[in-house]
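We count residues from 1, following the sequence as given.
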Amino acid sequence: MNAFAPERLGPPADDPYYPIRMRWIILDFRMVDFLTNRLLATLNRDDISWLTPHLEQVDLQRGMILVREHEVFRYTGFPTTAVVSLVRDMRDGRIAEMASFGREAMIGLPLCGAPSASLGRYVVQIPGSMWRISTRKMEEAIASRRTVQDMISRYMEALLTLTLQYVACNAVHSVEARACRWIVATHDRTGKNDMPLTHEALAEMLGVQRSTVSEVLYALQSRGMIQQGRGRLAICDRSRLEQTACECYGKLRKRYLSLLPLRD
């Protein structure tokens, strides 16, 4: 079964007013949770009203595989509090992160009406919530709503910028600087100082040995920036982490905000 569409997370089968009731709740409270996802927050009120009946919220648990490599996306997802990594399994058994997605992003982008197959494995790194919509409905929105088209185009440019910047980052920046970038970016996505994170998981995300990550994290802890626990990491000094992070963090954040400004 495609974990992107877990049966237990669907709307109640015996509640025919579920979509209407959810839409009323979201609109009445200014769509606070719905608009936690920045891409959705860039849309205008008419677009939001059109999309809302077709969106449902799902809870994602750590380690859940949403889509496997080469699987076709059935849903487009907009994370709100969850963080999802796109990883590739190498022949030698190693795992490399190609991209990560939080409340600034979307998962399962439909392109030109063609079935979109996954380039890797989407796995939940930080548990939380996500809004999802069927790819068919998302394609309909893109085809019929100009501002949705514009949002997708801007997001694709932002994603390309991020991908190219990460290529340069991985080639020239230290593991410590990249680790700080990853931690600060994840903090942006969750808004929480405490996050579930193991040395092994971060090593996979950075493409380095676990022992290297352990050395880096212990050094950051000794300087008072983080506090480690069993399978968890707490941020103690966000400003110093950001100063230690590579320049890519600031550049990417600035570029993203310029491409996808919030609407009034």
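Considering all non-hydrogen atoms of both residues, Leu252 and Thr161 come closest at CD2-O, 3.9 Å. Across every non-hydrogen atom of Ile107 and Pro79, the tightest pair is CD1-CG, 4.0 Å. Annotation for Gln125 and Ser85: closest pair CG-OG, 3.0 Å, computed over non-hydrogen atoms.
Residues Thr186 and Asp188 have side chains that never bring a donor and an acceptor to within less than 3.5 angstrom of each other.
Within a 6.0 Å sphere centred on CZ of Arg238, other residues, nucleotides and ligands contribute more than 12 heavy atoms. For Gln209, the CD atom sits in a loose shell: 12 or fewer heavy atoms of surrounding residues, nucleotides or ligands are nearer than 6.0 Å.
Residues His187 and Trp182 form no side-chain contact, since every pair of their non-hydrogen atoms from C-beta on lies 4.5 Å or further apart. Taking the side chain as every heavy atom from C-beta outward, Arg240 and Leu220 never approach each other to under 4.5 Å. Between Arg103 and Thr81 the shortest side-chain heavy-atom distance does not fall below 4.5 Å. The shortest distance between side-chain heavy atoms of Glu215 and Val175 does not fall below 4.5 Å. Counting heavy atoms from C-beta on, the side chains of Arg88 and Glu97 never come closer than 4.5 Å. Taking the side chain as every heavy atom from C-beta outward, Met64 and Val123 never approach each other to under 4.5 Å. Ile133 places a side-chain heavy atom less than 4.5 Å from the side chain of Phe78. For the pair Leu51 and Arg145, the minimum side-chain heavy-atom distance is 4.5 Å or more.
Remark: Leu39 CG to Met151 CE distance equals 5.5 Å, nearest 0.5 Å. Ser100 contributes atom OG, which lies 5.5 Å from atom OH of Tyr166 (distance to the nearest 0.5 angstrom). Going from atom NE2 of His173 over to atom SG of Cys180 covers 12.5 Å, rounded to the nearest 0.5 Å. To the nearest 0.5 Å, atoms CD (Gln165) and CG (Leu162) are separated by 8.5 Å. Put simply, NZ on Lys251 and SG on Cys246 are 10.0 Å apart, with the number rounded to the nearest 0.5 Å. Distance CG/Leu257 to NZ/Lys254: 10.5 Å, rounded to 0.5 Å.
Residues Leu119 and Ile65 fall into different hydrophobic clusters, defined by Ile, Leu, Val, Met, Phe, Trp and Tyr side chains chained together at heavy-atom separations under 4.5 Å. By the criterion of side-chain heavy atoms lying less than 4.5 angstrom apart, applied directly or through intervening Ile, Leu, Val, Met, Phe, Trp or Tyr residues, Val208 is grouped together with Val184 in one hydrophobic cluster. In this structure, Leu109 is a member of the same hydrophobic cluster as Trp131, with clusters built from ILVMFWY side-chain heavy atoms closer than 4.5 Å. At a threshold of 4.5 Å between side-chain heavy atoms, the hydrophobic network of Ile, Leu, Val, Met, Phe, Trp and Tyr places Met130 and Ile152 in one connected group. A continuous path of Ile, Leu, Val, Met, Phe, Trp and Tyr side chains, each step under 4.5 Å between heavy atoms, connects Met106 with Leu60, placing both in one hydrophobic cluster.
Under the 4.0 Å criterion applied to side-chain N and carboxylate O atoms, Arg223 and Glu176 are assigned as salt-bridge partners. For Lys192 and Asp194, the salt-bridge test fails: no basic side-chain N is under 4.0 Å from an acidic carboxylate O. Using a 4.0 Å cut-off between charged nitrogen and carboxylate oxygen, Arg154 and Glu157 do not count as a salt-bridge pair. A salt bridge does not link Arg210 to Glu204: none of the charged side-chain nitrogens sits closer than 4.0 Å to a carboxylate oxygen.
The main-chain N or O of Ala158 is never found under 3.5 Å from a side-chain atom of Arg255 such that the two would form a donor-acceptor pair. A side-chain donor-acceptor contact under 3.5 Å links Thr76 to the backbone of Gly108. For Asn37 (side chain) and Ala105 (main-chain N/O), a donor-acceptor pair under 3.5 Å exists by modelled atom type. At least one donor-acceptor pair under 3.5 Å links the side chain of Ser118 to the backbone N or O of Gly120. Distance alone, capped at 3.5 Å, is enough to place a donor-acceptor pair between the Arg178 side chain and the Leu206 backbone.
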Under the side-chain contact (heavy atoms from CB on, under 4.5 Å) rule, what do Leu66 and Arg121 come out as? Steps first, then yes or no, please.
CA-CA 8 Å; Leu66 304 185; Arg121 179 163 50 91; over 6 Å; no
Check step by step if side chain to side chain donor-acceptor pair (under 3.5 Å) holds for Ser129 and Asp59.
CA-CA 5 Å; Ser129 298; Asp59 294 323; 3.3 Å; yes
Derivation of the side-chain contact (heavy atoms from CB on, under 4.5 Å) call for Gln221 and Gln227
CA-CA 6 Å; Gln221 180 170 270; Gln227 181 65 46; 3.4 Å; yes
Check the pair Gln228, Leu217 against side-chain contact (heavy atoms from CB on, under 4.5 Å), reporting the backbone distance first and the verdict last.
CA-CA 8 Å; Gln228 301 181 79; Leu217 292 183; 3.6 Å; yes
Go through Val83 and Arg62 one step at a time and tell me if the side-chain contact (heavy atoms from CB on, under 4.5 Å) criterion holds.
CA-CA 9 Å; Val83 177; Arg62 185 181 181 188; over 6 Å; no
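Geometrically, Arg189 does not engage Phe101 in a cation-pi contact defined by less than 6.0 Å to the ring centre and at most 45° from the axis. A cation-pi contact, defined as under 6.0 Å to the ring centre and within 45° of the axis, is absent between Arg181 and Tyr249.
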